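Note that this is a predicted model, so its numbers are computed, not measured.
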Amino acid sequence: MLLQRLSLCAGLPLGPRTKSTIICPRLAKPLTQVSLARANGNSFAHRGELRQAKRIVVKLGSAVVTRGDECGLALGRLASVVEQVAMLQNQGREMMIVTSGAVAFGKQRLRHEILLSQSVRQALHSGQNQLKDMSVPVLEARACAAAGQSGLMALYEAMFTQYSTCTAQVLVTNLDFHDDQKRQNLNSTLQELLRMNIVPIINTNDAVVPPPEPNSDLQGVNVISIKDNDSLAARLAVEMKADLLIALSDVEGLYDSPPGSDDAKLIDIFYPGDQQSITYGTKSRVGLGGMEAKVKAALWALQGGTSVVIANGTHPKVTGHVITDIVEGKKVGTFFSEVKPAGPTVEQQTEMARNSGRTLAALHPDQRGAIICHLADLLVEKKEEILAANKTDMDLAANAGQLSSALLNRLSLSPAKLNSLAIGLRQIAVASQDSVGRVLRRTRVAHNLELEQITVPIGVLLVIFEARPDCLPQVSALAIASGNALLAKGGKEAANTNRVLHELTQEALDIHGVKEAVQLVNTREEVEDLCRLDKMIDLIIPRGSSQLVRNIQRAAKSIPVLGHSEGICHVYVDSEATIDKVIKIVRDSKCDYPAACNAMETLLVHRDILRTTLFDQIIDMLRTERVQITWLNKTQ
């Protein structure tokens, strides 16, 4: 059935083409989009920029394409790869595949033919079925490649046809890159295929390729020895000025030590010059290269201006679509970047917060209270510095014009708001003396044996809040009072204000040597990436809109989320209430900070108060404060 569908895109004319020639659906398309990285001749600096990748090379390692027995192809994985590549191609990107698998596919065919031939001969000579004594001779790799190339390509062609995508096979050898004329011909052919919206499927011509020279390695800036498909993909990506090279293997990415060892850690971002800190393990069960060869090829491609990601193509963890996840900028595999950030990674921040948080939890309650009170003092003492940073954020937000008036009010700070914030922090310091170590329940289990339920810190908290900088010291004070480490992820609109407030928070923490217990996540980390740090973060608390809460709950699959629902912000005035208390409470709940999410929305009054002096005074006060009133009569 699959081979019958090849006729849909196989009828390519051999003669010269005119402008009106229809070759295949959606073939002719101008290259009008140029990625930012290629326009500047540089690779992408951050994962989030991978969304801009226009020309992408996907390298499929032998472990990805072949089955576990190394005889035959992993059809399920191959179908998933084809689906993702076709989807990206249909988005207007230019996709190329560097594939292994011809040897494995040919080995399967030749083994089948040999076994069938042996069974026929044994049946003719002995008259008995002696299949159990049959043995398959060692198959030469070149012969397997020759027997498997046509079948592998036919399989790719049939799979891509399901998505109305055409493919073309290109076989190369090392000599094709060393000869200038051949290299130009190859480049011209691939450019024409991409222009016609065809996916080139490239492989080394293993039927005739000589064995790799053991001492031939990466040489200089413009030369790379084609020893395996890793080096082929790197050379091809640089030659074709690809924006992104995705190298799929059977490991999650690059580890600092051999995968499987107790202390092995997956490297999220790898920078040139970090090779000395890596200990490589053995090669995979199939293929010529290994992780060391992949890293060398990746660094060569990175030097040539192509971004590189090495990831697992055999068991993707994120959504089962590893290629599209990488292109969307998600934290998958190891991303190679030439731009090293000035600060620590979010994983390093989490580890620092956890270590310092343990010391914070062991402090005496008076010491934790002293930290909070010192932070309150700093908010008042350094208010000019805070307000200057806040003015910068306000000006940037006003010029961008993307925030509503309510969000602008939340973003704004004032001396009065800072004073009120300092008062609230001191209240937290006083009220939290028994937050940690308080006995909630005690049960006598047996004689001289009691079971106690005691309050203890949760661990590392991730608090995500929107454009509201006063949330940072509030949340920090609550985390300090309860002995928890904190990762704070604030809205980018308040970046300057949050930076100053975080510096003051760490200054307060430093009086007892726990400066790193509160970390401000100000990198380009996506919220979804933070929500996958299930081994580092113990609880996520989103503070903001209901949409933010729902998004966090969907993204955090392995970390508990302390969410909230739509609040009911009502104030009720009873018939026995006193005038002074009512006026004060109503004014404070609505007029003091109307942009707050817990500002009063509805005022409920007892029917006996209607048409009384108290009711008239409430209405006059609200009108004086320019509150828009909507009347709703509920007398039953």
Salt bridge check, [Y] against [X]: does any charged N sit closer than 4.0 Å to a carboxylate O?
X      : Y      : answer
Arg47  : Asp325 : no
Glu347 : Lys331 : yes
Arg77  : Asp250 : no
Lys54  : Asp243 : no

Any heavy-atom pair between the side chains of [Y] and [X] that's under 4.5 Å?
X      : Y      : value
Cys471 : Arg543 : yes
Leu478 : Gln474 : no
Asp268 : Thr345 : no
Asn496 : Leu396 : yes
Ser337 : Phe44  : no
Val309 : Leu50  : yes
Val500 : Lys382 : no
Asp434 : Pro365 : no

>> Which residue in the set Arg438, Arg442, Arg444 passes salt bridge (charged side-chain N to carboxylate O under 4.0 Å, His left out) when paired with Glu452?
In response: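 Among Arg438, Arg442, Arg444, the one meeting salt bridge (charged side-chain N to carboxylate O under 4.0 Å, His left out) with Glu452 is Arg442.
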Minimum heavy-atom separation for [X] to [Y], with atom names?
X      : Y      : answer
Pro542 : Ile552 : CB-CG1, 3.9 Å
Ser249 : Val64  : O-CG2, 3.4 Å
Ala556 : Val561 : CB-CG2, 3.6 Å
Asn498 : Leu472 : O-CD2, 3.4 Å
Leu403 : Leu411 : CD1-CD2, 4.1 Å
Tyr255 : Leu266 : CD2-N, 3.5 Å

>> Could you walk me through whether Val327 and Arg93 satisfy the side-chain contact (heavy atoms from CB on, under 4.5 Å) test, starting with their C-alpha distance in whole Å, then the side-chain angles of each, then the deciding distance to 0.1 Å, before giving a yes or no?
In response: CA-CA 11 Å; Val327 176; Arg93 304 180 196 269; 3.5 Å; yes
>> Given Phe270, which partner from the list Leu299, Leu302, Val308, Ile310 fulfils the side chain to side chain contact (heavy atoms under 4.5 Å, CB included) test?
In response: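 Answer after filtering Leu299, Leu302, Val308, Ile310: Leu299.
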> Among all residues two or more places apart in sequence or in another chain, which pass the side-chain hydrogen bond (donor to acceptor under 3.5 Å, both in side chains) test with Thr497?
Replying inline: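 Thr497 satisfies side-chain hydrogen bond (donor to acceptor under 3.5 Å, both in side chains) with Asn390, Asp393 only.
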>> The criterion is side-chain hydrogen bond (donor to acceptor under 3.5 Å, both in side chains); which residues satisfy it with Gln519, sequence neighbours excluded?
In response: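 Counting only residues at least two positions away or on another chain, Gln519 forms a side-chain hydrogen bond (donor to acceptor under 3.5 Å, both in side chains) with Gln349, Glu516.
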Taking the side chain from [X] and the backbone from [Y], do they hold a donor-acceptor pair closer than 3.5 Å?
X      : Y      : value
His364 : Asp366 : yes
Ser420 : Ala416 : no
Thr455 : Gly437 : yes

>> side-chain contact (heavy atoms from CB on, under 4.5 Å), that's the test. Do Val58 and Leu60 meet it? Break it down for me.
In response: CA-CA 6 Å; Val58 178; Leu60 305 179; 3.8 Å; yes
>> Let me confirm one number: the CG-CD distance from Asp377 to Glu507, rounded to the nearest 0.5 Å.
In response: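 Answer for the CG-CD pair, Asp377 versus Glu507, is 11.0 Å.
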> Can you tell me how far the CE atom of Met600 sits from the CD1 atom of Ile585, to the nearest 0.5 Å?
Replying inline: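 It comes to 11.0 Å.
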>> When you compare the side chains of Gln506 and Asp510, does any donor N or O come within less than 3.5 Å of an acceptor on the partner?
In response: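 Asp510 and Gln506 do not have a side-chain donor-acceptor pair below 3.5 Å.
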> Just checking, is any N or O donor in the side chain of Arg550 or Gln553 under 3.5 Å from an acceptor N or O on the other one?
Replying inline: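 No.
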>> Once ring-ring contact (aromatic ring centres under 6.0 Å, His included) is applied, do any residues pair with Phe335, and if so which ones, sequence neighbours excluded?
In response: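 Counting only residues at least two positions away or on another chain, Phe335 forms no ring-ring contact (aromatic ring centres under 6.0 Å, His included).
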